[in-house]
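Comments concern the structure below.
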Amino acid sequence: NSLWNAILQAYASNRHKAEAEKIYYEMPLWNVFSWNYMVMLYCNSSEFDKAQGFVSTMPVKDIVTWTALLAGHARAGHVKLAKTIFDTMPEHNVVSWNAMINVYGTNGDLKNAESLFNSVMREKDIVSHTSMIQAFAQNNDLHGAVRTFERMPYRDIVSWTTMITTYAQYGDVDSAKDMFNSMPQRNLVTWTAMIQAYCSNGFLEEAKITMDKLPLWSITLGNVLLQGYAENGYVELAKQVFDRMEEKDIVTWTSMVSAHAQNLDLVEAEKIFYEMPEWSQIAWNALLAAYARTGKLERVRRTFEMVPEKE
RNA sequence: CCUACUAUGAAUAAGCGU
């Protein structure tokens, strides 16, 4: 049974809906784990009606079911629904509280995040503290973020990396670098965060030097460098990075379209756009914005017609 | 006491708003 569930999980978390449903109906026995995987599947593919309907047919629901629904709605930006689920679920634990801190934090409600954290939660873990750091960081309270980091009982690589990003967002690259240097271990995400910290603050040389020290490579890293060059006005260098990347993802392509578009180089932007293996909503938007800014209203209209899924 | 198949936190893309 756990073997079936493991397969179901693999399909569900990779959003292979058809395969997941097939496994679900083929497996000999369901339990709350299997049901929860299905809830996650529907949430991850933004089919909330289906998720909701599925939940209402489940003979057993547990706190994981509710938290998965809560987090799913939160990810999709359904803040009120997320809060309603939180308020009506039969019990809370550290995971559901953490999820709710995130909802509050990413939606500008620092007050409620803090009161959950300070007054309601009787148990807190590393995730609680890290989520609270983020809540402060996203709501214009660098000191709150630093204070939380300094006071937390244990830190892990995620909390350290969060601080790198936080300092970088506030333009304090030196402190970001201090974090990077003082943390006990680093992984690829850490390095990428540090390089992004340099790039977004205009320290391209430092970014390049740091990257050369790193024996690893990833598409995200290439994307960071590409965007770093582009947003600092070096579209040519961005294009060089782009051309050298053997593997590209949708972000790579979109970043390159957007780099040209923001440079108002419509010819190059379109060229990359038509070479893209699939079109992202964001790439469409980048093109539209460039047409609009150059006064090509007719092209805006025609392109707008072509956008498959309009937001 | 041991055991575990689920939910929450970190890095990269457009516009809008602040």
Side-chain angles (χ1 to χ4, degrees), chain A residues 1-10 12-13 31-41 43-44 62-72 74-75 86 89 92-103 105-106 108 125-135 137 139-140 155-166 168-169 179 183 186-197 199-200 218-228 230-231 249-259 261-262 269 280-290 292-293 311:
Chain A
N1 190 239
S2 18
L3 185 59
W4 285 94
N5 276 337
I7 299 169
L8 180 58
Q9 176 188 29
S13 50
N31 62 14
V32 70
F33 287 80
S34 354
W35 294 318
N36 285 339
Y37 286 128
M38 293 307 282
V39 174
M40 290 164 60
L41 170 72
C43 285
N44 289 339
D62 63 9
I63 194 165
V64 176
T65 319
W66 298 113
T67 311
L69 255 191
L70 191 170
R75 250 177 268 124
F86 181 77
M89 58 198 281
H92 294 145
N93 65 8
V94 68
V95 176
S96 54
W97 282 318
N98 291 346
M100 204 54 210
I101 287 191
N102 263 303
V103 173
T106 51
D125 60 10
I126 282 197
V127 177
S128 323
H129 287 85
T130 310
S131 300
M132 202 56 225
I133 291 173
Q134 282 232 98
N139 290 282
N140 230 328
R155 299 169 191 89
D156 64 7
I157 198 159
V158 176
S159 39
W160 283 96
T161 307
T162 302
M163 286 310 293
I164 293 178
T165 306
T166 297
Q169 281 164 353
M179 290 289 127
M183 58 197 290
R186 297 157 199 90
N187 62 15
L188 184 56
V189 174
T190 315
W191 282 86
T192 310
M194 192 62 233
I195 289 163
Q196 165 66 10
C199 284
S200 61
S218 72
I219 298 182
T220 300
L221 210 44
N223 294 345
V224 166
L225 191 63
L226 190 165
Q227 290 154 28
E231 76 195 27
D249 64 9
I250 187 99
V251 176
T252 318
W253 288 96
T254 307
S255 304
M256 202 60 237
V257 170
S258 151
Q262 289 183 344
S280 62
Q281 177 73 250
I282 295 178
W284 283 105
N285 291 351
L287 265 192
L288 280 172
R293 253 186 293 143
E311 277 184 291

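A, B, ... follow the sequence lines: proteins, then strands. Residue 1 opens every chain.
Counting any heavy atom pair closer than 4.0 Å across all strands shown, A:Ala6 reaches no nucleic acid atom. A:Asp249 comes within 4.0 angstrom of nothing in the nucleic acid, heavy atoms only. Contact annotation for A:Ile219: no contact, since no heavy-atom pair falls under 4.0 Å across all strands. Contact annotation for A:Arg155: no contact, since no heavy-atom pair falls under 4.0 Å across all strands. Heavy atoms of A:Met194 sit nowhere under 4.0 angstrom from any nucleic acid atom. Counting non-hydrogen atoms under 4.0 angstrom, A:Thr220 reaches a base of the nucleic acid.
With no hydrogens or angles considered, a side-chain donor-acceptor pair links A:Ser280 and A:Thr254 at under 3.5 Å. Side-chain atoms of A:Asn223 and A:Thr220 include no donor-acceptor pair closer than 3.5 Å. Residues A:Asn5 and A:Ser2 have side chains that never bring a donor and an acceptor to within less than 3.5 angstrom of each other.
Summarising the local packing, CG of A:Asn140 is surrounded by 12 or fewer heavy atoms from other residues, nucleotides or ligands at distances under 6.0 Å.
In this entry the distance linking CD1 of A:Ile164 with P of B:rA11 reads 11 Å, nearest Å. At whole-Å resolution of the value, CH2 in A:Trp253 and P in B:rA13 are 19 Å apart. The CE atom of A:Met163 sits 14 Å away from the C1' atom of B:rG9 (whole-angstrom rounding). In this structure, A:Ile195 places its CD1 atom 15 Å from P of B:rA11, rounding to the nearest Å. Nucleotide B:rA4 holds its C1' atom 14 Å from the CG atom of A:Asp62, rounded to whole Å. Summarising the geometry, the separation between CG on A:Asn36 and C1' on B:rU6 is reported as 6 Å, rounded to the nearest angstrom. Nucleotide B:rA4 holds its C1' atom 12 Å from the CG atom of A:Asn31, rounded to whole Å. Between A:Ile133 atom CD1 and B:rA11 atom C1' the separation is 16 Å, expressed in whole Å.
With sequence neighbours left out, A:Trp66 forms a ring-ring contact (aromatic ring centres under 6.0 Å, His included) with no residue at all. Residues passing the ring-ring contact (aromatic ring centres under 6.0 Å, His included) test with A:Trp284, sequence neighbours excluded: A:Phe273, A:Trp279.
Between B:rG9, B:rA11, B:rU6, one nucleotide has an atom nearer to the side chain of A:Gln9 than all others, and that is B:rU6. Distance from the side chain of A:Thr161 is smallest to B:rA10 among B:rA10, B:rU6, B:rA13. Taking the side chain of A:Val64 as heavy atoms from C-beta on, and the options B:rG9, B:rA7, B:rA13, the nearest nucleotide is B:rA7. Of the candidate nucleotides B:rU8, B:rA10, B:rA13, B:rA10 has the atom nearest to the side chain of A:Ile157. Side-chain atoms of A:Asn98 lie closest to B:rU8 of the nucleotides B:rG9, B:rU8, B:rA13. Considering only the side chain of A:Thr162, B:rA10 comes nearest among B:rA10, B:rA7, B:rA14.
Scanning atom types as modelled, one donor and one acceptor separated by under 3.5 angstrom connect the side chain of A:Asn93 and the base of B:rA7. A donor N or O paired with an acceptor N or O is not found under 3.5 Å between the base of B:rA11 and the side-chain atoms of A:Asn187. With hydrogens and angles ignored, no donor-acceptor pair closer than 3.5 Å exists between the side chain of A:Asp125 and the base of B:rG9. A donor-acceptor contact under 3.5 Å is formed by the side chain of A:Thr130 with the base of B:rG9.
Between A:Thr106 and A:Gln134, the closest side-chain pair of non-hydrogen atoms is not below 4.5 Å. Using a 4.5 Å heavy-atom threshold, the side chains of A:Ser258 and A:Gln262 count as touching.
Distance check, rounded to the nearest 0.5 Å: CG of A:Leu226 to CE of A:Met256 gives 5.5 Å.
Checking the phosphate oxygens (OP1, OP2) of B:rA10, a side-chain nitrogen or oxygen of A:Gln134 falls inside 4.0 Å.
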Using atom names, set out every protein N or O paired with an N or O of nucleotides 15-18 of chain B below 3.5 Å, distance rounded to 0.1 Å.
{"unit_1": "B:rG15", "atom_1": "OP1", "unit_2": "A:Gln262", "atom_2": "NE2", "d": "2.8"}

